[in-house]
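Per chain, numbering begins at 1; letters A, B, ... match sequence-line order.
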2 protein chains.
Amino acid sequence: MKQNVPVLEEITAANTMLADSLRAVFREHGLLALNLIASPGAGKTSLLERTIALAADRLRIAVIEGDPTSSLDGERIGAAGAQAVQINTGGGCHLEARMVRQALDNLDLETCDVVVIENVGNLLCPTGWDLGEDLRVVVASLPEGDDKPIKYPMAFATAHAAVINKIDLAPHIPSQTATMRRNALAVNAELAVFELSCLTDAGLPAWIDWLAANLESKRRGAAPPHA
Amino acid sequence: MKQNVPVLEEITAANTMLADSLRAVFREHGLLALNLIASPGAGKTSLLERTIALAADRLRIAVIEGDPTSSLDGERIGAAGAQAVQINTGGGCHLEARMVRQALDNLDLETCDVVVIENVGNLLCPTGWDLGEDLRVVVASLPEGDDKPIKYPMAFATAHAAVINKIDLAPHIPSQTATMRRNALAVNAELAVFELSCLTDAGLPAWIDWLAANLESKRRGAAPPHA
């Protein structure tokens with residue numbers, strides 16, 4: 001049992017090396033890569049469906065879908081009109097760089113601008129695994145409770161942006177959008193915070209502008225503006 | 001890296017031995033033990049707050065609160081009037097039997113009937129760790145989406161009961177209570193399914209009756225009725 005920590009370090013070191021090679025692939029193709037982290041049911045796939053639809057004339061989006069099982073999300077993304085590859089982790093709680101590398105072989109990188117890696121629904125385990133992304137985005141939905149950033153700080157501490165989803169439910173629940181924003185910024189003051197609803201499309205334009213600005217900035221060779 | 005699987009097996013085997021000793025403690029004290037598994041924000045703590053309040057004249061409940069960090073939930077349970085012990089996993093994604101064993105030392109087992117172990121918010125990792133519980137309960141909230149049982153089947157496959165929480169939001173969201181119930185039963189036909197709201201208390205009495213019936217059955221020495 002003493003071997004557990006060294007073994008884990010060996011695996012994550014190998015992961016980081018592979019993540020570096022993914023970063024090189026993304027750079028070579030002028031792609032912006034996102035790692036989307038959230039609880040199950042926070043609305044990651046709905047966010048992608050609406051982003052693909054509303055950004056259709058500005059951003060060509062490809063999605064790598066990570067799920068413990070099933071291909072439901074990959075099918076939804078395909079139906080939304082974007083390239084999609086489904087990864088099933090066989091119950092595994094996070095994606096690793098080697099899985100993303102295999103998935104990339106099944107995407108046409110010449111015809112896309114943004115690659116979104118939708119991680120397995122889990123606010124904890126994915127935070128320790130570099131997938132070569134430019135931007136890490138945590139999605140939290142208002143009905144999960146405005147205390148989520150305080151209770152699961154790692155996902156917020158390691159992200160560039162936080163999406164507060166399902167704000168249309170605000171009139172019906174005790175959880176407050178302003179409190180959730182304040183708690184997210186208390187964990188990480190550098191976060192770009194987006195409040196939005198994938199049912200009403202409120203807040204989606206600002207989110208899409210942010211993606212487009214980060215893509216442009218990466219292609220100019222500048223550091224991404226993030227916020 | 002080849003050592004990873006044997007090491008994990010060694011750890012889970014040790015966990016199962018400790019879980020057996022927890023089972024003996026629960027039996028000796030005539031306690032019903034629950035392991036509550038859910039995504040972050042599904043409403044595990046709210047369910048316990050309302051259960052403690054509404055069952056006050058029937059069940060003395062003690063709670064072991066598992067969180068990656070913070071003591072927010074333990075404080076909420078204490079305020080609701082029940083014994084509570086907080087476990088912080090330091091970012092860890094699940095509880096293990098050794099953590100529960102330590103927590104038990106800080107509870108007065110003579111003055112309670114039901115011990116609820118509220119696991120870390122995570123639908124995946126906790127499913128593989130036996131905590132000596134009599135009953136495993138998965139909580140999923142309606143706004144997470146009625147497809148959750150299909151996408152995260154392990155939590156439902158290994159549970160005795162599924163609580164569908166936040167049904168008060170049904171008029172405002174596409175997710176359907178009947179579909180979520182059907183999907184849960186498709187994964188595990190033996191599940192007792194409870195549809196409830198911790199804002200309106202709808203469905204809480206049936207849930208509390210089920211706990212009381214399982215406690216009585218355990219104390220009679222009969223197999224718990226579960227459903």
Side-chain angles (χ1 to χ4, degrees), chain A residues 1-8 10-11 13-14 38-43 45-46 67-73 76 89-94 120-128 140-155 165-166 168-169 171-175 198-199, chain B residues 1-8 10-11 13-14 38-43 45-46 67-73 76 89-94 120-128 140-155 165-166 168-169 171-175 198-199:
Chain A
M1 283 173 59
K2 284 193 223 74
Q3 296 157 341
N4 194 35
V5 172
V7 169
L8 189 63
E10 203 180 321
I11 293 172
S39 303
T45 312
S46 299
D67 277 299
T69 180
S70 93
S71 58
L72 294 174
D73 286 353
R76 285 173 61 187
T89 61
C93 55
H94 63 274
V120 176
N122 184 335
L123 266 186
L124 292 163
C125 311
T127 64
S141 64
L142 196 58
E144 290 171 58
D146 49 30
D147 58 355
K148 279 301 134 314
I150 307 296
K151 293 176 63 181
Y152 297 83
M154 278 306 293
N165 195 11
K166 309 190 190 181
D168 55 287
L169 291 176
H172 311 295
I173 55 181
S175 180
C198 298
L199 283 186
Chain B
M1 284 172 60
K2 283 191 225 77
Q3 296 156 343
N4 193 36
V5 171
V7 169
L8 188 63
E10 204 179 319
I11 294 172
S39 304
T45 311
S46 300
D67 276 300
T69 181
S70 94
S71 58
L72 294 174
D73 286 352
R76 285 173 63 186
T89 61
C93 56
H94 62 274
V120 176
N122 184 334
L123 266 186
L124 292 163
C125 310
T127 62
S141 64
L142 196 58
E144 290 171 58
D146 50 30
D147 58 355
K148 279 301 133 315
I150 306 296
K151 292 176 63 180
Y152 297 83
M154 278 307 292
N165 195 11
K166 309 190 191 179
D168 55 287
L169 291 175
H172 311 295
I173 54 181
S175 180
C198 297
L199 284 186

Worksheet item: Can you check whether Thr69(B) reaches Met154(A) side chain to side chain, under 4.5 Å on heavy atoms?
Response: no
Fill in: Pro171(A) versus chain B, the contacting section by heavy-atom distance below 4.5 Å
neither
Practice prompt. Give, as side chain, backbone, both or neither, the part of Ile150(A) having an atom under 4.5 angstrom from any heavy atom of chain B.
Written response: both
Item to complete: To the nearest 0.5 angstrom, please state how far the NZ atom of Lys151(A) sits from the OG1 atom of Thr45(B).
Response: 4.5 Å
Fill in: Min side-chain heavy-atom separation Pro40(B)-Leu124(A) under 4.5 Å
no
Fill in: Shortest non-hydrogen separation from Tyr152(B) to Asp67(A) and the atoms involved
OH-OD1, 4.4 Å
Practice prompt. Could you have a look at Ala42(B), Ser175(B), Gly121(B) and say which one has the most heavy-atom pairs with chain A under 4.5 angstrom?
Written response: Gly121(B)
Item to complete: Determine the option with the most heavy-atom pairs under 4.5 angstrom with chain B, choosing from Gly43(A), Pro68(A), Gly145(A).
Response: Pro68(A)
Item to complete: Please report the shortest heavy-atom distance between Lys148(A) and Gly41(B), naming the atom on each side.
Response: CE-N, 3.2 Å
Worksheet item: Does some side-chain heavy atom of Cys125(B) sit less than 4.5 Å from a side-chain heavy atom of Cys125(A)?
Response: yes
Worksheet entry | Test item: Leu199(B) and His172(A) side chains (from C-beta on) under 4.5 Å apart, heavy atoms | no
Practice prompt. Under 4.5 Å, counting heavy-atom pairs only, tell me which of Ala140(B), Cys93(B), Ser141(B) racks up the most with chain A.
Written response: Cys93(B)
Discussion item. Can you confirm whether Leu142(B) sits close enough to Pro143(A) that some side-chain heavy atom of one is under 4.5 Å from a side-chain heavy atom of the other?
Written reply: no
